[in-house]
Structures are given as C-alpha cells and as structure tokens.
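Below: the structure, in structure tokens.
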4 protein chains.
Amino acid sequence: MRADARRNRDRIVAAAKAWFATHGPEAPTEDIARSAGVAPGTLYRHFADREALIRAVAINNFDHAIAEATAAVSEEASAWDALVRILRQSQELRLSFRLLTAYPHMHAVLKKERDAEQARKHMVDLLDRVVRRAQAEGTLRTDVGTGDVAVMFALLSHPVTIDPSATAQLASERCMALLLESLRAGEQHDQLPGQAIWPEQITEDRDRR
Amino acid sequence: MRADARRNRDRIVAAAKAWFATHGPEAPTEDIARSAGVAPGTLYRHFADREALIRAVAINNFDHAIAEATAAVSEEASAWDALVRILRQSQELRLSFRLLTAYPHMHAVLKKERDAEQARKHMVDLLDRVVRRAQAEGTLRTDVGTGDVAVMFALLSHPVTIDPSATAQLASERCMALLLESLRAGEQHDQLPGQAIWPEQITEDRDRR
Amino acid sequence: MRADARRNRDRIVAAAKAWFATHGPEAPTEDIARSAGVAPGTLYRHFADREALIRAVAINNFDHAIAEATAAVSEEASAWDALVRILRQSQELRLSFRLLTAYPHMHAVLKKERDAEQARKHMVDLLDRVVRRAQAEGTLRTDVGTGDVAVMFALLSHPVTIDPSATAQLASERCMALLLESLRAGEQHDQLPGQAIWPEQITEDRDRR
Amino acid sequence: MRADARRNRDRIVAAAKAWFATHGPEAPTEDIARSAGVAPGTLYRHFADREALIRAVAINNFDHAIAEATAAVSEEASAWDALVRILRQSQELRLSFRLLTAYPHMHAVLKKERDAEQARKHMVDLLDRVVRRAQAEGTLRTDVGTGDVAVMFALLSHPVTIDPSATAQLASERCMALLLESLRAGEQHDQLPGQAIWPEQITEDRDRR
DNA sequence: TATGAATGAGCGTTCATTCAT
DNA sequence: CATGAATGAACGCTCATTCAT
C-alpha cells in the first residue's frame with residue numbers, strides 16, 4: 001500500500017470516528033470524507049460500503065480500548081482500581097461501547113470481518129478477566145457478571161443531551177460513580193433479579209432481524 | 001371529530017410510538033403510515049409534519065407516564081417505594097425518556113406546542129416531588145437531585161441490544177436494580193463528583209446553535 | 001335544484017372567479033372551497049373536476065362581459081366610444097381574456113361544453129361587430145382586425161407584477177391608453193406586418209398537445 | 001470545473017430555459033432534468049434548489065439580452081432604431097421579461113444572488129439609457145418613461161395562445177408594431193393617465209406581504 | 001490512485017379527487 | 001345533499017454508492 005493511500009485511509013478512519021462519536025454511525029459519508037480531506041470516491045476506494053467503514057472504526061477503537069485497559073491493569077494496584085479506571089476514563093472504550101450498542105445489526109456487521117470480531121472478543125475477554133480478578137480479590141460484588149458490567153457501561157456510553165453541556169458531562173460522571181458504588185462488594189446488598197450475566201449468556205447471533 | 005378520523009389518528013399515534021421506540025424519531029413516515037393502515041396523506045392530514053407527530057406521540061406518552069406515576073404515588077406506602085415502582089415498571093415513562101433524549105432538538109420541538117411542553121413539565125414536576133419526598137422521609141440519599149435521577153433513567157431507557165432478548169430484558173432490570181441500590185440512603189457513601197443536579201440546573205433552551 | 005344547492009353552486013363560482021383572477025386557474029380547489037364556505041366534496045358534487053369549474057367560471061364571466069359590452073354599445077354615441085369603454089373599463093372582460101389566455105388548453109376545455117363555447121363565440125361576435133362598426137364610422141384604423149384587438153386585450157389582461165400596486169395599476173392603464181391611441185384612425189400610419197387578423201383566421205383547435 | 005460537468009450544467013440551464021419559457025418557472029424539475037438528459041440528483045448538484053436554477057436561467061437570459069441590446073445600440077443609427085430592434089427582435093429579452101413578471105416572488109428570488117440582481121439592473125439601465133437617448137433625439141414621445149416601456153414589453157412577452165401558431169406570432173408582432181407606433185414622438189398625442197413611470201418608481205421590494 | 005460528477009432509489013410532503021359518514 | 005376524511009400519484013430534494021475523467 002502506497003504511503004499516501006495509507007495516510008488517506010487513516011485520516012478517513014479518524015474522521016469517521018469523530019463523526020460516529022458525535023452523530024452516531026449514520027453520519028453522512030460525504031461529511032466524513034470532507035472532514036478527512038478526501039473526495040467521496042476515495043472513501044469508497046478504501047471501504048466497500050458504510051459497514052466496512054464502521055468495522056474499520058470499530059477495530060481501531062477496540063484496539064485502542066484494549067491498549068488503555070491493558071495499561072490500567074498493569075499500572076493499578078488492584079483489579080478494582082483497574083476496573084474503575086477503565087470504566088471512568090477510557091474515551092476509546094466509551095466509543096467502542098457506543099458503537100456496539102448504536103444499532104442492533106452491529107454484531108452482524110462485525111462478524112463479517114474476522115479481525116473485527118476478534119478485536120471485539122479480545123476486548124470482552126480482557127474486561128472479563130478484570131471482573132473475575134476483582135471478584136477474586138473481594139472488591140467486586142459476586143452476584144454480577146461481566147455481561148452486567150458491559151451492559152451498564154454500554155448504557156452509560158450514550159450521550160446525555162441536556163444543556164449546559166458541562167452539566168451533561170457531570171451528570172454522566174455522577175451516574176457512573178453511583179453505579180460503581182453499587183458494584184463494590186459490601187455487606188447489605190439487595191437481591192438482584194435473575195442470575196449474573198456472563199459473556200457466555202450472550203448469543204451474538206443478532207441477524208435474525 | 002368523526003369516529004373514523006379519531007380511530008385513524010389513534011392508530012397513527014400508536015404506530016408512530018412503536019416505530020419511534022424501536023427505530024427512533026427519524027423512522028420513515030411512510031412506514032408509520034403503512035403500519036397504521038393508512039395512506040401517507042392521512043398521516044399528514046392529522047399531523048402537519050414529522051415534528052407535529054413527534055409531539056403527539058410525546059404528549060400521549062407523557063400523559064400515560066404521568067398516570068402511571070400518579071398511581072404509584074397514591075398506591076405505594078412510601079415515596080421510596082413509589083420511586084422504585086415508577087422507575088422499574090413504567091414502560092411509558094421509559095419511552096418518554098428515550099424520546100426526550102433521542103435527539104438534541106427535542107426540547108425545541110416540544111416547545112412549539114404548549115400542550116407538549118406542559119405535559120413534559122408536569123411529568124418532571126411529578127418526579128421532582130417524589131424525589132424530594134423520598135429524601136424528606138430519609139430513604140433516598142440527599143446528595144442526588146431529580147436531574148441525576150432523570151439522567152440515569154434516560155440512559156437506562158436505551159434499548160439493550162444483546163441476544164437473547166430475555167437476557168437483554170434481564171440485564172436492563174439488573175442495571176436498574178443496581179442503580180436503585182446505590183440511590184438508597186445509607187451509611188458509607190462515596191463522595192459524588194460535583195453537586196446534585198436539579199431540574200433548575202437544566203436549561204431547556206436547546207435551540208441556540 | 002334545491003335552493004341551498006343553487007346557492008352553494010353560485011358561491012363556489014364566485015369564489016373560484018376571485019381566486020382565478022388573483023392566482024390564475026391553477027388555484028387550489030381546497031382554497032376555493034374554503035372561500036366559498038363549503039367542503040371540497042361539495043365543490044366536486046357541483047363540478048366534476050377542475051375543468052368543469054373553469055368552464056362554469058368562464059360562462060359566468062363571458063355572460064357578464066357580454067352584458068357590459070352590450071350596455072356600452074347601446075349607451076355610447078359611437079362604436080369607437082363603445083370600444084374604448086369596453087376595453088378600458090370592463091373588469092369582467094379583462095378576467096375573461098385572462099382565462100382565455102391563461103393556459104393553452106383553454107379552448108379545448110371550453111369546447112367540451114356547448115354553453116361555454118357558445119358564450120365565448122357570442123362575446124367574440126359582439127366585439128367583432130363593434131370593431132367593424134367603428135371602422136365603418138371611420139374612427140378605427142382599417143388595417144387591424146378583431147383578432148388584433150382581441151390579442152392586444154388578452155395581453156393587457158395579464159397582471160402587472162410591480163410594486164407599489166398603484167403604479168402597477170397605472171402602468172396597465174397607460175399601456176391601454178397608448179394602444180388605443182395607436183388604434184385610432186389617423187393620417188400617417190405605419191405599415192403593420194402581415195394582414196389584419198379576423199376571428200376566421202383563428203382556428204380553435206388547440207388540442208394537438 | 002470539469003468539462004462534462006460544465007456541459008451538463010449548460011444543458012440543464014438550456015432545458016430549464018425551454019421549460020420556463022413554455023410552462024413558467026414552476027415546471028417540474030424532474031422534467032427539466034429529463035430534458036437535459038440527466039438524473040434529478042445532477043440537477044441538484046448544480047443548483048441548490050429550484051430558486052437557484054431560476055436565478056441561473058435568469059442570469060443567462062439577462063446576459064444574452066444585454067448582449068443583443070448592446071449590439072443594437074452600437075449598430076443602429078439612432079436610439080429609436082435601437083429601441084425598435086431591441087423590442088421587436090430580442091427573443092432573449094422577451095423571455096427575460098416573462099421571467100421577471102412570471103411571479104411576484106421573482107425580485108426576491110433574484111436579490112438572493114448578487115450576480116442575478118446585477119444582471120437585472122444592468123439590463124434595466126441599458127434600456128433606460130436607450131429610452132432617454134431616444135427622447136433626447138426627439139424620436140420617442142416624452143410623456144412615457146422606461147417603466148412604461150418595460151411594462152408594455154413585459155405584457156407583450158406573454159405567449160399568445162391562438163392557432164395556428166404562425167398567426168399567433170404575427171399577432172404578437174402586429175401588437176408590438178402598434179405599440180411602437182404609439183410611442184413615436186408626434187403631433188397630437190392623447191393625454192396619458194398619470195405621470196411617466198421610470199425605474200425609480202418601481203420598488204423592488206416585493207417580499208412584504 | 002484520487003477526484004468529484006452522476007446516478008437513482010427513497011423519503012417528506014402536497015393536493016386533486018374519491019368516498020364513507 | 002353536505003361533509004370532511006382518505007387516497008395515492010406526483011414532486012422537491014437527499015445521499016449512499018458508482019463511474020468517467
């Protein structure tokens with residue numbers, strides 16, 4: 001791949017990432033191309049269609065999120081601290097989850113490309129390890145599973161649309177803080193409905209419309 | 001209003017509600033009309049444009065949500081129980097919040113019709129009263145405001161897109177349970193970032209820009 | 001025909017006349033119905049379609065124009081004075097000509113109803129008589145025909161769209177005055193191109209698309 | 001601009017010009033696009049909306065009309081001869097005036113683009129100069145203004161809808177000849193109503209209503 | 001390979017006309 | 001008969017994707 005082509009591809013992915021983060025995965029391809037400083041034709045030379053672009057953004061995102069999570073795990077003293085840091089601070093992870101929950105087809109879209117599916121799995125596995133380790137060390141309540149944590153995080157990754165935006169930002173952080181508080185191991189926990197949700201409970205076959 | 005017209009209007013609102021709930025407020029009017037069993041022209045006879053339809057759905061929703069919340073308040077022994085019931089069980093309230101947070105224009109859209117704006121305000125006021133009463137009775141922690149509760153609820157009202165759907169449903173309920181747990185007044189609370197968010201902190205002027 | 005039906009019919013024709021005069025013969029039927037104080041269904045009970053309504057308005061108009069022209073002929077001292085009065089003052093005749101020239105299909109539309117066609121013919125015949133008499137009395141130049149006069153008048157019946165409207169009105173009157181001046185018999189006339197145009201030169205078959 | 005794009009743009013303008021000339025400025029864009037041999041999207045790539053297309057046609061027209069009028073002025077011996085040639089022969093000027101008087105919004109539409117407004121002004125100024133010069137040389141009666149001439153011409157630019165079309169064409173020419181005759185300076189002129197109308201009397205603010 | 005023009009299906013909306021009440 | 005609701009074809013315009021330059 002020529003150097004300029006490589007550079008264009010990267011700029012398109014970066015532009016798409018920005019648009020997806022602010023306007024969701026239905027953002028106009030034309031706007032994305034313009035932001036990337038290329039013509040629409042160039043975008044489509046690199047990505048067969050919108051879904052391919054989404055996959056590329058997702059892979060990029062998952063990879064960054066994995067890197068951030070890995071750093072958290074290795075740098076924090078406990079699994080709990082790592083978990084808190086990951087959930088609270090990782091913008092990349094936030095976007096990853098937004099993408100994953102942005103529209104129902106997402107899993108089907110990802111599965112069309114081995115790399116995308118692997119990156120997703122890798123990310124989930126990493127989260128799973130942190131969750132289990134935190135439970136093992138006694139800091140995370142044991143009646144929740146990685147699936148619970150993932151769902152919580154996915155939901156909290158939606159943009160909060162209130163004014164002023166500083167309040168929106170704060171609201172989101174407070175919400176996260178509350179949730180984390182409820183996740184911490186403690187004496188008197190309510191009985192949660194059902195059983196803990198683990199990755200295995202989540203079928204990724206979402207294509208039956 | 002003639003009986004058949006009334007019936008069609010209701011069917012259109014119902015169809016729109018279903019589409020908005022599953023596909024967001026940009027769902028094709030054509031599909032909505034077809035679901036309602038009417039021609040596109042009929043939809044537009046009843047609603048001047050998409051925004052008018054959104055407002056009608058919102059009013060319908062807010063009204064139902066208010067009714068459910070009112071019932072909860074009058075039937076439950078404590079404000080806390082009422083709050084739990086409202087947040088956990090009201091599907092209408094859930095959709096209401098989804099609509100409200102679906103896109104940033106929503107407030108501007110609602111403000112164009114007095115009824116819509118009033119219904120929204122009425123709903124928020126009701127929630128506000130329950131929140132304050134629960135705090136007064138000592139069951140709800142006092143470092144959160146109605147705005148915090150509303151944001152949390154709005155976020156949790158997003159659809160969870162995992163398979164199987166029974167798991168998605170469960171995940172959502174568990175998430176809500178965790179949040180409620182963290183809201184309950186107790187001994188050792190973490191320090192939340194910032195100050196409690198109350199309705200007053202939320203500017204409803206979203207039309208600038 | 002019941003009295004109320006008759007009244008509705010008349011009001012619809014009157015409303016249509018007003019709309020056609022100000023907005024041309026494509027004015028929305030809905031607006032016409034509303035102006036007439038009836039529902040659209042009522043309009044269509046009386047007139048099969050837009051063309052039928054146009055014919056009704058045309059007949060009404062032609063009849064009034066004929067009456068005004070007849071009065072002019074009988075009251076004015078000379079054919080010339082009658083002609084001037086007809087062309088200058090008859091609002092009905094003005095609208096008649098506007099309708100006739102508003103869209104190319106008009107003749108075809110009129111021909112579908114004997115009455116409409118007859119009224120038109122009657123009106124043209126009357127104008128023809130006045131023209132010939134004015135020429136006989138030596139007040140109208142003899143190198144113009146009734147067709148010339150009709151065309152002139154039709155053209156001058158178009159609305160003048162300039163601001164302020166008083167100026168538009170004046171401009172129209174001045175234009176008419178100029179044209180009348182050029183029609184008066186006098187010494188030194190320019191040679192007009194072609195031959196005088198008489199009603200016989202005008203084929204009324206306009207339906208070949 | 002690429003050669004093919006330029007060609008398409010020109011074809012669209014030409015097609016629109018033809019449709020506007022025959023069916024007025026509300027002619028379906030779809031038909032215009034088809035006539036130009038392009039898809040609807042192409043039309044909208046070149047012109048943001050119908051009004052932009054109207055302006056493009058108008059500019060094209062005004063420019064051609066100005067060129068023809070300029071040629072007439074420089075080639076004819078007197079201002080009078082130039083005026084006669086302009087009014088009689090310029091098909092472009094004829095369409096220009098038809099557009100200008102086609103609907104009341106036209107001035108507002110033109111004013112949205114500097115070029116369009118300038119071209120219009122340029123055209124009017126040119127006519128104004130010829131009119132004043134003809135009056136100075138004693139060939140044009142002095143109780144008419146450029147506004148009178150413009151209105152007359154606008155009115156005469158409407159299509160004459162009679163059959164056969166050769167007769168329509170002739171009728172139009174004869175009408176113009178009569179008007180020109182009445183414009184020539186001479187001994188015994190009738191008193192025209194009101195005062196001469198000059199461009200200054202014509203407010204170009206047509207947007208209040 | 002990049003460009004940016006062209007395509008054309010799709011959606012929102014209008015309105016002449018029909019039809020159930 | 002009148003009403004006014006329903007119909008559905010038509011039109012303006014958008015945008016994902018393809019293709020000529």
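Every chain is numbered from 1 and lettered A, B, ... according to where its sequence line falls, protein lines coming before strand lines. Predicted model only: the values in this text are computed from it and were never measured. Side chains included, hydrogens not; waters and symmetry mates left out as well; all remaining heavy atoms used.
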B:R34 atom CZ is separated from F:dA6 atom P, nearest whole Å, by 18 Å
Could you walk me through whether D:L99 and D:F62 pass the side-chain contact (heavy atoms from CB on, under 4.5 Å) check?
CA-CA 10 Å; D:L99 286 178; D:F62 294 164; 5.6 Å; no
Separation of atom CG in A:D31 from atom P in F:dT14, rounded to whole Å
13 Å
For a quick test of reading the model: is some side-chain N or O of C:T42 closer than 4.0 Å to OP1 or OP2 of F:dT3?
yes
Does F:dC1 have OP1 or OP2 under 4.0 Å away from a side-chain N or O of C:H46?
no
Whole-Å distance separating the CD1 atom of D:I12 from the P atom of F:dC13:
14 Å
Correct closest heavy-atom pair for A:S96 and A:N61 would be OG-OD1, 2.9 Å
State, to 0.1 Å, how close B:V109 and B:I54 come at their nearest heavy-atom pair, and which atoms those are.
CG1-CG2, 4.3 Å
Would you mind reporting whether C:M106 and C:T101 have side-chain heavy atoms less than 4.5 Å apart?
no
Rounding to an integer number of Å, can you tell me how far C:L53 CG sits from E:dC15 P?
17 Å
Need to verify one output field. Residue with the more 5' nearest nucleotide on DNA chain E, C:R50 or A:G41?
A:G41
What does D:T29 touch in the nucleic acid at a heavy-atom separation under 4.0 angstrom: a base, only the sugar-phosphate, or nothing?
sugar-phosphate
Let me know the distance between CD of C:E26 and P of E:dT14, rounded to the nearest Å.
19 Å
Of all heavy-atom pairs linking B:R98 and B:T22, the shortest is NH1-N, 4.3 Å
Please give, in whole Å, the distance from E:dA6 P to D:R11 CZ?
10 Å
Nearest-nucleotide pick for B:D4, side chain only, options being E:dT3, E:dT21, E:dC11:
E:dT21
Starting at the 5' end of DNA chain F and moving along, which residue's nearest nucleotide shows up first, A:E30 or B:A39?
B:A39
Check this one for me: any side-chain N or O of A:N8 less than 4.0 Å away from OP1 or OP2 of E:dA2?
yes
At less than 4.0 Å, is any side-chain N or O atom of D:R2 found next to OP1 or OP2 of E:dG4? Yes or no.
no
Toward the 5' end of DNA chain E, which comes first, C:P28 or D:L43, by nearest nucleotide?
D:L43
So, is C:Y44 close to the E:dT17 phosphate, meaning a side-chain N or O under 4.0 Å from OP1 or OP2?
yes
Please give, in whole Å, the distance from E:dG4 C1' to A:I32 CD1?
17 Å
Looking at C:R45, I'd like to know whether one of its side-chain N or O atoms comes within less than 4.0 Å of OP1 or OP2 on F:dC1.
no
Distance check needed: E:dG4 C1' versus D:R9 CZ, whole Å only.
16 Å
